[in-house]
Amino acid sequence: MINQKGGVGKTTTAINLGASLASYGQKILVIDMDPQANATSSIGLDKNEIKKGTYEVLIGSAPISPQIIRNNEFHISILPSSPALSGAEIELIDFDHRESLLKNAIDQIAVQYDYIIIDCPPSLSLLTINALVAAKDGVIIPVQCEYLALEGLGQLTSTINQVKKTFPSVNVRGVVLTMFDGRTRLAIDVVNEVRKFFPDKVFESIIPRSIRLAEAPSYGQPINFYSKESNACKAYNELAKEILIQDGIQISS
């Protein structure tokens with residue numbers, strides 16, 4: 001999940017799309033690449049108690065597999081983040097092949113999962129570049145259905161295209177429209193503008209603005225556990241089904 005703007009639903013989508021895909025029988029790993037560690041907190045982990053996670057994997061002081069935490073209740077696994085990751089940006093400058101550190105780590109365990117979802121920080125940083133390079137099957141961009149939603153998307157696509165010159169496999173898988181309020185003309189206008197900006201790349205499933213969805217992280221639960229009858233849960237389930245159908249995967253349960 002990538003967008004340099006904050007508050008657009010990157011972490012929310014990473015966790016809830018992952019949980020929805022897991023509910024359809026997929027083996028899911030979420031990688032928290034954000035020093036704020038909101039994805040880590042969103043499934044009930046205390047980021048301040050994480051001993052080793054994304055940071056240690058990136059700098060090479062710990063292998064990836066032992067740091068992955070499995071949540072058997074939600075049926076998803078996570079490589080957690082912690083505040084220590086905030087120092088990685090400076091430390092990694094002198095590393096050889098520093099843009100590929102995450103990819104190299106993921107290559108060691110990728111066969112164990114059907115989908116690996118990377119939650120990026122709200123910036124176009126070296127951490128984000130690592131995520132782009134590792135996301136060989138495509139980048140998903142959440143876009144908030146509000147004024148100025150398109151701000152910075154040109155810069156983001158330019159960055160993706162720049163990375164693509166060195167790593168040709170990088171591409172935009174799709175755009176997820178989030179925080180949609182169908183009662184407002186503005187939200188509908190934003191949807192239409194985003195579809196013009198990314199022709200044939202916008203998912204049909206649209207995530208509504210939802211109090212339940214906003215509450216769920218504070219309880220350390222994905223929406224399909226916190227409020228499975230909510231419209232937001234249904235929307236993420238539809239998004240998961242859309243992705244599975246695109247990938248030619250038969251949907252179970």
- Could you go step by step and tell me if T12 and T178 meet the side chain to side chain contact (heavy atoms under 4.5 Å, CB included) rule? CA-CA 10 Å; T12 298; T178 65; over 6 Å; no

Which pair of heavy atoms, one from [X] and one from [Y], lies closest together, and at what distance?
X	Y	answer
A235	I207	CB-CD1, 3.8 Å
K51	E56	O-OE2, 3.6 Å
E242	S205	OE1-OG, 2.8 Å
V57	P63	CG2-O, 4.0 Å
I28	A22	CG1-N, 3.8 Å
G53	L79	C-CD1, 4.1 Å

- Message: Does H97 form a side chain to side chain contact (heavy atoms under 4.5 Å, CB included) with L101? I'd like the steps, not just the answer.
- Response: CA-CA 7 Å; H97 310 294; L101 295 171; 5.8 Å; no

Do the non-hydrogen side-chain atoms of [X] and [Y] ever get within less than 4.5 Å of each other?
X	Y	value
L17	V176	no
I141	F198	yes
R209	Q144	yes
I109	L29	yes
L213	Y236	yes
M33	L58	yes
F203	E238	no
N48	P83	yes

Within the distance-only criterion (no hydrogens, no angle test), does the side chain of [X] pair as donor or acceptor with the backbone N or O of [Y] below 3.5 angstrom?
X	Y	answer
K164	V170	yes
K52	A62	no
T184	A187	yes
T40	S81	yes
S20	N16	yes
N71	I76	no
N130	R98	yes
N231	P208	no

- List in chain and number order the residues that pass side-chain contact (heavy atoms from CB on, under 4.5 Å) with P35, two or more places apart in sequence or in another chain; answer none if no residue qualifies. L85, S86, P121, L127

- Task: State which residues pass side-chain contact (heavy atoms from CB on, under 4.5 Å) with K228; sequence neighbours excluded, sorted by chain then number.
- Result: C233

- Check the pair I59, F95 against side chain to side chain contact (heavy atoms under 4.5 Å, CB included), reporting the backbone distance first and the verdict last. CA-CA 8 Å; I59 66 171; F95 277 55; 4.2 Å; yes

Separation of [Y] [atom2] from [X] [atom1] (nearest 0.5 Å):
X	Y	atom1	atom2	answer
F74	S42	CZ	OG	10.0 Å
I69	L45	CD1	CG	5.0 Å
D247	R173	CG	CZ	4.0 Å
Q250	I245	CD	CD1	11.0 Å
L186	E193	CG	CD	10.5 Å
T54	D119	OG1	CG	10.0 Å

- Query: Any salt bridge between K47 and D34, counting N to O under 4.0 Å?
  - Reply: no

- Task: Let me see the working for D114 and Y24 under side chain to side chain contact (heavy atoms under 4.5 Å, CB included), right down to the final yes or no.
- Result: CA-CA 11 Å; D114 297 309; Y24 291 114; over 6 Å; no

- Message: Applying side-chain hydrogen bond (donor to acceptor under 3.5 Å, both in side chains), can you list everything that pairs with S77, at least two apart in sequence or on another chain?
- Response: none

